[in-house]
Every structure is written in structure tokens, then in C-alpha cells.
Amino acid sequence: MSAIVIVGAQWGDEGKGKATDILGAHADFVVKPNGGNNAGHTVVVGGEKYELKLLPAGILSENATPVLGNGVVINLQALVEEIDGLEARGANASRLRISGNAHIVAPYHQVLDRVQERFLGKRAIGTTGRGIGPAYADKVSRVGIRVQDLFDESILRQKVESALEVKNQILVKLYNRKAIDPEETVEYLLSFADRLRPMVIESERVLGEALDRGETVLLEGGQATMLDVDHGTYPFVTSSNPSAGGACVGSGIGPTRVSHVLGIVKAYTTRVGAGPFPTELFDEWGEHLQKVGGEFGVNTGRPRRCGWYDSVIARYAARVNGFTDLFLTKLDVLTGIGEIPICVAYDVDGERHEEMPLTQSEFHHATPIYETMPAWDEDISGCRTFEELPGRAQDYLRRLEELSGCRISYVGVGPGRDDTIALHDIAAEN
């Protein structure tokens, strides 16, 4: 057996949690390789809705071991609260394992995130204010705090004092804010050590040995390709690499161990936060997609910006990630809307672009070129095979498959785990 990577193909919120939940039933390990408690998933199991913020969606799988990989940044308070919340609902979180190399979101990261966003004003990126970016910045600057540091008080104190020596200067002298007490920070972080100690593992070795034994490892990416710090719509991106390559880096699993890369794509397009969005709708159809699709952020509750399907970014994501398959979600939301526009290319200053424009400025000025297809009026929520779908829904899927350059292997026709059509079962192929 080998690893399967799940990646968002748009700007996030495509339904990765549902895909992970379905495939996680066949996996031995489900790993979150990037992001923090800014990269949530919504999973519906047995009619119950779970809004996961930091934990992998695999936490709800009966047999899989869920893992927070080395590429995740962890808010300890958020982690404990989420675990307690799940257990209060009867879920079993005792199998959770955490990489000792994962970095910690300290309280001062959250302070800096919020202060910096306010300072930027109209130029703000639109972060969640949860300290994710500053934590990743410290990681790259080699002044970050890792989970393993919780078990060595001397090292932890040195790292916190060193980090705050600079950050307090910035807070006080630049932002006119109160300095943060290093000792209070150390004591706060140490208060989680005993709770986390049984969960911490050398994840790279554990996952590698699992693959050697022929077990299946599912890598559950947070956010999405167009938010990738290298390949997304920079600077309106996240601070990690939520692409297929980033999944390998954030888990310690080499790329040759990956058999399938499953791209999750919505039947239309949404985006949360600032940044360019060529197919964004500002009319009643945008409001319709938002209302019927329940387009509000899991973590923040912010309304998602809505637009039609963008095959340009779908093709781009397929190339960047090397998708072997697509999981198309929320097809049911398009029922009964008359005609469905599909963005097949961009117009940039009178020039047609069927691929992503080269520069940030060109993408900002891109306007969509649409073709339209007739929608269907029949209720498709009970469909479980491709043949049961109305002919127009079948035609729409075939056209998206053609435009996106990748086969569609799963189709979501409702929010529940079972509201899914499997055209190709990649779990069985793995």
C-alpha cells in the first residue's frame, strides 16, 4: 500500500473534510501535514455535523490513527478545547498522535497577527488573526518553538526569551502595545506538557514504518492550491504549502510513496478573505450560491465569496499537484438554477488566456470568458451512481472533466458521508 494525498484545488472550503472522512474509513493513518486552527473541515457523520478546526478529519474514523504532522502549527489551547469538545460528544480522540517537530503557535504570535493586520488597514491580507503566519515566520527564521520543546523547560525558556526580546521591541516601539512577559508565556506553554506527552511521536519514522508494513496513509491537506505561499495568488495566500509537494514535506513521507493525489473541487468556486477572484459574483446568483451552499467559514463564520466554476485554476491546480483524480463536491447546489456559466478562459486587456496569466497584475485584471450549460431541475441528492444523475448533470460533469484535465472519481450530491457517487474507487485501487 502507499500514501494518498488530498488537496484543495481552489481557494479552500471545497469539502476536503468529507473526502477525508470517506477515504479515511479505509486508511490506517490520517495525517494533517500543514496549516493550523485556521484550516477547518466540516464533516457530517450519521446526521451529526462536526466542525473540525485543528484536528484531522480522520479523528472521526473508527480505525485510523489521526496525526498532526511536522508541518502543522499548533495552538495548544485550541487543540485541547477541540479534543475535549469531541469527547464530550462521544467521539474517541485517544488515538491522536502529534509530531514532536510540529511548531507551536504561542500567544505572542496571535497578538502580532492581529496588530499587524490592523496596522495594514486597506492593505490587510485578510488573515484569521490566529497567529498562523507569525508562527510560520518564526519557523523559517529558526526562532520557532516546537512541540518537543515543551519537555525541556530550559530550552523552552531560552527560546521564548530570545523570541520576545525582538518582538517586544516591535510591539512597544512600533505598534505602541504592551510588552509580553516571557515568564508568563513559558508557564502557559508548560501547562500543556503533561497532557500532550503521551501523544507525541517521531511521526516520520512511524508513518514510514506503516508504509513499509503495507498500510495506507492518507494525507489530508488544509486550505488549497490557490492559497499556497509559492503557487497561490500571492500575497493573498496562507503561510504554508497546501499543495501535494507540501503534503510530503509536512509529513516526512517521500513523494515516491504516493500513489494518488486527489484534488477536491467545488461545482462552483468560493473564496474567503481578500485577493483576486475572477469569477466572483456580486448579484443574486452569488447570494443564491452562498445561501443554498451554506457558504460560511468553519473557523471564522465569515461569508464566503462565491462565483462560477473556474476551469483555468482547475487546470493550473491539476498541473501543480499532479492530480490523478478529482472529487467534485456540492453538485446538488446547482440544481434548478437555469443555466450554469463555466469560466473557460480569461480576458486580460483584450488578450485571451486559457492558462494562468504570468503576473500578479494580469491575474488581478482578468475577466472570465464563459460558456454556459443548461442546469437540471431534478433532485439529485438520492443519486448514488453516475447513471442515476439527470442527463444535464452528466453533461456538466463530463465538460468539467474535459476542461479540468483530470478524471472525476467522486461526486458529492449532499453534505453527508453517504451523499456521494463513486465513479472510481481509488481506495480499492491503492
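Contact annotation: the side chain of Ser239 never approaches that of Val229 to less than 4.5 Å [non-hydrogen atoms, C-beta and beyond]. The shortest distance between side-chain heavy atoms of Val105 and Arg130 does not fall below 4.5 Å. Looking at Arg97 and Pro66, their side chains never come closer than 4.5 Å, going by heavy atoms from C-beta outward. Side-chain contact between Glu401 and Leu326: absent, with no pair of heavy atoms (C-beta onward) separated by less than 4.5 Å. Side-chain atoms of Leu60 and Leu52, non-hydrogen and from C-beta on, do get closer than 4.5 Å to each other. The shortest side-chain heavy-atom distance between Leu96 and Ile59 falls under the 4.5 Å cut-off. Side-chain atoms of Ile74 and Leu76, non-hydrogen and from C-beta on, do get closer than 4.5 Å to each other.
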Inset, instruction - Give the intermediate values and the outcome of side chain to side chain contact (heavy atoms under 4.5 Å, CB included) for residues Thr359 and His364. - result: CA-CA 9 Å; Thr359 68; His364 270 275; over 6 Å; no

Inset, instruction - Please report the C-alpha distance between Ile98 and Ile201 in whole Å, then the side-chain angles of each, then the deciding distance to 0.1 Å, and finally whether the side chain to side chain contact (heavy atoms under 4.5 Å, CB included) criterion is met. - result: CA-CA 6 Å; Ile98 302 169; Ile201 60 171; over 6 Å; no

Legend entry - Chi angles and distances behind the side chain to side chain contact (heavy atoms under 4.5 Å, CB included) call for Met373, Arg392: CA-CA 8 Å; Met373 296 189 71; Arg392 289 179 174 180; over 6 Å; no

Inset, instruction - Would you check, one step at a time, whether the test side chain to side chain contact (heavy atoms under 4.5 Å, CB included) holds for Gln394 with Phe386? - result: CA-CA 7 Å; Gln394 294 181 21; Phe386 182 79; 3.4 Å; yes

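For the residue pair Ser99/Asn101, the side-chain donor-acceptor check at 3.5 Å is not satisfied. There is a side-chain donor-acceptor pair under 3.5 Å between Tyr268 and Glu295. Side chains of Arg271 and Thr233: a donor on one and an acceptor on the other come within 3.5 Å. Judged purely by distance below 3.5 Å, without hydrogens or angles, the side chains of His260 and Asp325 never pair a donor atom with an acceptor atom. With 3.5 Å as the limit, one finds a donor-acceptor pair spanning the side chains of Thr335 and Trp376. Asn34 and Asn241 form no side-chain donor-acceptor contact under 3.5 Å, judged by distance and modelled atom types alone. Side-chain contact check for Asp13 and Thr270: no donor-acceptor pair (N or O, by modelled atom type) lies under 3.5 Å. Side chains of Glu14 and Thr329: a donor-acceptor N/O pair is absent below 3.5 angstrom, by distance only. One side chain, Ser404 or Tyr309, offers a donor N or O that lies under 3.5 Å from an acceptor on the other. Between Thr225 and Trp11, the side chains place no donor N or O within less than 3.5 Å of an acceptor N or O (distance only, hydrogens not considered).
Counting non-hydrogen atoms of neighbouring residues, nucleotides and ligands closer than 6.0 angstrom, the CG atom of Asn176 reaches no more than 12 such neighbours. Heavy-atom neighbours of His288 NE2 from other residues, nucleotides or ligands within 6.0 Å: above the threshold of 12. No more than 12 heavy-atom neighbours from other residues, nucleotides or ligands sit within 6.0 angstrom of OH on Tyr234.
Side-chain atoms of Thr324 come within 3.5 Å of backbone N or O of Val261 as a donor-acceptor pair. Using a distance-only test at 3.5 Å, with no hydrogens or angles considered, no donor-acceptor pair links the side chain of Asp113 to the main chain of Gln116. Counting only distance, with no hydrogens or angles, the side chain of Gln10 and the backbone of Lys266 share a donor-acceptor pair below 3.5 Å. The backbone N or O of Ala106 sits less than 3.5 Å from a side-chain atom of His109, completing a donor-acceptor pair. Listed for the Arg304 side chain is a donor-acceptor partner under 3.5 Å among the backbone atoms of Phe296. Under a 3.5 Å cut-off, the side chain of Ser61 and the backbone N or O of Ala64 do not form any donor-acceptor pair.
Between Glu87 and Arg89 no salt bridge is recorded (no basic side-chain N to carboxylate O distance below 4.0 Å). In summary, Asp21 and Lys18 do not engage in a salt bridge, as defined by a charged side-chain N under 4.0 Å from a carboxylate O. Classification of Asp419 and Arg384 as a salt-bridged pair holds, one side-chain N sitting under 4.0 Å from a carboxylate O. Salt bridge absent: Glu402 and Arg398 never bring a charged side-chain N and a carboxylate O closer than 4.0 Å. By the 4.0 Å N-to-carboxylate-O rule, Arg205 lies too far from Asp212 to be salt-bridged with it. Taking a cutoff of 4.0 Å between a charged side-chain nitrogen and a carboxylate oxygen, Glu280 and Arg305 qualify as a salt bridge. Between Arg315 and Glu354 there is no salt bridge, since none of the side-chain N atoms of the basic residue sits less than 4.0 Å from a carboxylate O of the acidic one. Using a cutoff of 4.0 Å between basic side-chain nitrogens and carboxylate oxygens, Glu51 and Lys53 are not scored as salt-bridged. Remark: Asp138 does not engage Lys159 in a salt bridge, criterion side-chain N to carboxylate O under 4.0 Å.
With rounding to the nearest 0.5 angstrom, the NZ atom of Lys32 is 9.5 Å from the NZ atom of Lys16. Annotation: the span from Arg319 atom CZ to Met356 atom CE amounts to 10.5 Å, rounded to 0.5 Å. To the nearest 0.5 angstrom, Cys383 atom SG is 4.5 Å from Leu389 atom CG. Rounding to the nearest 0.5 Å gives a distance of 15.5 Å between OG of Ser311 and OH of Tyr316.
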Identify every side-chain donor-acceptor pair in residues 336-350 under 3.5 Å, counting partners at least two apart or on other chains, and give the distances.
unit_1: Tyr346; atom_1: OH; unit_2: Asp310; atom_2: OD1; d: 3.2
unit_1: Tyr346; atom_1: OH; unit_2: Asp310; atom_2: OD2; d: 2.6
unit_1: Asp347; atom_1: OD1; unit_2: Gly350; atom_2: N; d: 3.1

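The ring pair (Phe, Tyr, Trp, His ring centres under 6.0 Å) analysis of residues 319-340, with sequence neighbours excluded, yields the pairs Phe327-Tyr410.
When each of Leu79, Val31, Val200 is paired with Leu68, the side-chain contact (heavy atoms from CB on, under 4.5 Å) condition holds for Leu79 and for no other.
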